[in-house]
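Residue numbers start from 1 in every chain, and the chains themselves are labelled A, B, ... in the order their sequence lines are given, proteins ahead of strands. A quick note: this is a predicted structure, and the numbers were derived from the prediction, not measured.
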Protein chains: 2
Amino acid sequence: MTSTDAPHAHGREATTPPVRPTKQRRAVAEALASFGDFRSAQEIHGSLTERGEKVGLATVYRTLQLLSDSGEVDMLRTEEGEAIYRRCSATHHHHLVCRQCGATVEVEGPAVERWTRAIAAEHGYADIAHTLELFGTCRSCAV
Amino acid sequence: MTSTDAPHAHGREATTPPVRPTKQRRAVAEALASFGDFRSAQEIHGSLTERGEKVGLATVYRTLQLLSDSGEVDMLRTEEGEAIYRRCSATHHHHLVCRQCGATVEVEGPAVERWTRAIAAEHGYADIAHTLELFGTCRSCAV
DNA sequence: GCTCAGTTGACAATCATTCTCAATCGATTG
DNA sequence: CAATCGATTGAGAATGATTGTCAACTGAGC
């Protein structure tokens with residue numbers, strides 16, 4: 001069919017891959033929901049295994065990638081480069097993460113978005129994207 | 001050597017690791033300087049090897065870490081989690097990177113810094129840090 | 001129940017990065 | 001200049017996250 005080659009259109013294509021809601025996928029989604037904050041694939045897999053749910057590590061990775069692609073979860077990277085995932089609201093936002101306990105707050109920054117576009121335009125860059133994460137120590141970990 | 005006069009340190013750790021400017025370290029620094037933009041450790045090592053400079057991969061990593069710690073280079077991560085390094089000015093700033101050719105512009109964002117602090121305070125987070133990178137397509141890569 | 005594409009899991013394979021440790025280098029002292 | 005001793009290096013092994021492989025399995029529809 002029409003060769004959709006839009007690089008930044010990760011929506012449903014002509015080839016609609018039937019995503020089957022399997023037991024494993026549900027398990028991963030639930031684990032993700034039960035944690036409130038960001039977890040690595042390994043942690044999620046560990047948690048599932050502990051709980052008796054037998055889900056393969058590869059499947060956890062695959063599922064997280066699916067969820068991430070579909071926008072149901074946010075993926076970001078720790079300073080060590082490890083990917084961590086979290087169930088998220090669909091709107092564009094950023095995170096304020098406690099570097100001690102992992103407590104996460106979603107924040108929006110219209111100002112930042114605006115600034116981003118302005119800078120990009122100023123330098124002639126198009127199709128702009130940005131990553132912005134805040135790390136700090138939350139009140140209960142401050143002491 | 002007698003402990004006649006131990007380093008007039010302040011207790012246990014003298015915390016003054018003598019950083020010797022060796023041939024290898026100079027080579028890495030020069031490679032970094034010759035590239036203008038962000039490069040991975042592997043790329044830097046490859047470039048050195050090609051050029052005939054025999055520097056071990058581990059040494060490249062160690063050196064980059066040193067430089068990164070001392071603030072002489074900036075390290076950030078690609079979306080795949082790979083660390084990339086670039087010689088940078090010492091002031092706090094962010095990067096606008098072309099996702100095609102890697103052309104990089106350093107940008108400052110006082111507004112963002114302010115916003116960051118405000119958000120952190122609002123949520124009771126202390127000792128705030130943030131990562132912010134912009135990715136786009138630069139004029140010459142924009143077709 | 002039967003079929004078939006989507007899915008899974010065990011494990012091998014990748015790949016960046018770090019670790020190990022003996023050999024080497026370099027500044028310093030005698 | 002030569003001995004000394006810790007910092008540094010390099011080759012390769014080790015680690016750890018992530019991805020690929022592929023035969024076995026599962027579930028929706030017939």
Side-chain angles (χ1 to χ4, degrees), chain A residues 12-31 38-70 73 75-85, chain B residues 1-9 12-31 38-70 73 75-86:
Chain A
R12 357 207 89 212
E13 305 283 296
T15 51
T16 309
V19 177
R20 267 204 285 243
T22 66
K23 195 188 315 183
Q24 290 88 336
R25 283 176 186 164
R26 216 170 302 126
V28 171
E30 279 169 20
F38 283 95
R39 300 291 163 139
S40 70
Q42 307 273 349
E43 286 174 319
I44 292 165
H45 176 249
S47 155
L48 287 173
T49 303
E50 241 176 50
R51 215 185 300 179
E53 313 252 33
K54 294 217 263 219
V55 182
L57 179 56
T59 300
V60 172
Y61 273 103
R62 283 184 289 236
T63 302
L64 287 173
Q65 224 146 63
L66 272 178
L67 293 173
S68 175
D69 286 347
S70 77
V73 308
M75 184 257 266
L76 61 86
R77 295 205 175 258
T78 67
E79 297 203 350
E80 291 83 43
E82 196 182 7
I84 51 181
Y85 305 83
Chain B
M1 140 157 285
T2 57
S3 56
T4 332
D5 192 322
H8 56 226
R12 185 186 149 11
E13 41 180 24
T15 45
T16 308
V19 176
R20 271 206 282 242
T22 66
K23 192 187 319 184
Q24 291 86 335
R25 283 176 185 164
R26 216 169 305 126
V28 171
E30 279 170 20
F38 284 95
R39 300 291 162 138
S40 71
Q42 307 275 351
E43 286 175 319
I44 292 165
H45 175 249
S47 155
L48 287 173
T49 301
E50 242 176 51
R51 214 184 302 179
E53 313 254 31
K54 292 216 267 226
V55 182
L57 180 56
T59 299
V60 172
Y61 273 103
R62 281 184 291 236
T63 302
L64 287 173
Q65 225 146 66
L66 272 178
L67 292 173
S68 175
D69 287 347
S70 78
V73 307
M75 184 258 266
L76 61 88
R77 295 202 176 262
T78 67
E79 298 204 347
E80 292 82 45
E82 196 182 7
I84 51 180
Y85 306 81
R86 176 180 191 254

Original post:
For the pair made of NE2 in His45(B) and P in dT9(D), what is the distance, rounded to whole Å?
Top reply: 13 Å

Subject >> DNA chain D contacts made by residues 49-59 of chain A, counting heavy atoms under 4.0 Å >> reply: Leu57(A), Ala58(A)

Original post:
Quick one: does Phe38(B)'s side chain get under 4.5 Å of Leu76(B)'s, heavy atoms only?
Top reply: yes

Original post:
Heavy-atom distance under 4.5 Å between the side chains of Leu57(A) and Gln42(A), does that happen here?
Top reply: yes

**OP:** Mark yes or no for whether Thr63(B), through its side chain, and Thr59(B), through its backbone, hold a donor-acceptor pair below 3.5 Å.
**Re:** yes

Original post:
What's the spacing between Thr49(A) OG1 and Ile44(A) CD1 if we round to 0.5 Å?
Top reply: 11.5 Å

Original post:
Rounded to the nearest 0.5 Å, what separation is found between the CE atom of Met75(A) and the CD atom of Glu79(B)?
Top reply: 8.0 Å

Subject >> Between P of dT9(D) and CZ of Arg25(B), the distance in whole Å >> reply: 4 Å

**OP:** For dT19(D), take OP1 and OP2 only and decide whether either is under 4.0 Å from a side-chain N or O of Tyr61(A).
**Re:** no

**OP:** Figure out the CG/P separation between Leu66(B) and dT9(D), and round it to whole Å.
**Re:** 8 Å

Subject >> Spacing of Glu82(A) atom CD relative to dG16(D) atom P, expressed in whole Å >> reply: 11 Å

Original post:
Glu79(A) CD to dA17(D) C1': how many Å, rounded?
Top reply: 18 Å

Original post:
Atom CD of Glu80(A) and atom C1' of dA17(D): how far apart are they, to the nearest Å?
Top reply: 12 Å

Subject >> Pair of N/O donor and acceptor under 3.5 Å linking dG9(C) base with Arg62(A) side chain >> reply: yes

Original post:
If you find the nucleotide of DNA chain C closest to Ala41(B) and the one closest to Lys23(B), which residue's nucleotide is nearer the 5' end?
Top reply: Ala41(B)

**OP:** Identify whether any heavy atom of Glu43(A) sits under 4.0 Å from a base atom; if not, whether one sits that close to sugar-phosphate; answer base, sugar-phosphate or nothing.
**Re:** nothing

Original post:
Between atom CD1 in Ile44(B) and atom P in dA16(C), what is the gap in whole Å?
Top reply: 13 Å

**OP:** Rounded off to whole Å, could you give me the CD-to-C1' distance for the Gln24(B) and dA23(C) pair?
**Re:** 13 Å

Original post:
Taking atom CD of Gln24(B) and atom NZ of Lys54(B), what is their separation to the nearest 0.5 Å?
Top reply: 12.0 Å

Subject >> Heavy-atom side-chain contact between Leu48(B) and His45(B) under 4.5 Å >> reply: no

**OP:** Look at the side-chain N and O atoms of Thr22(B) and state whether any lies under 4.0 Å from the OP1 or OP2 oxygen of dA7(D).
**Re:** no

Subject >> Gln65(A) side chain near dT19(D) phosphate (N/O to OP1/OP2, under 4.0 Å) >> reply: yes

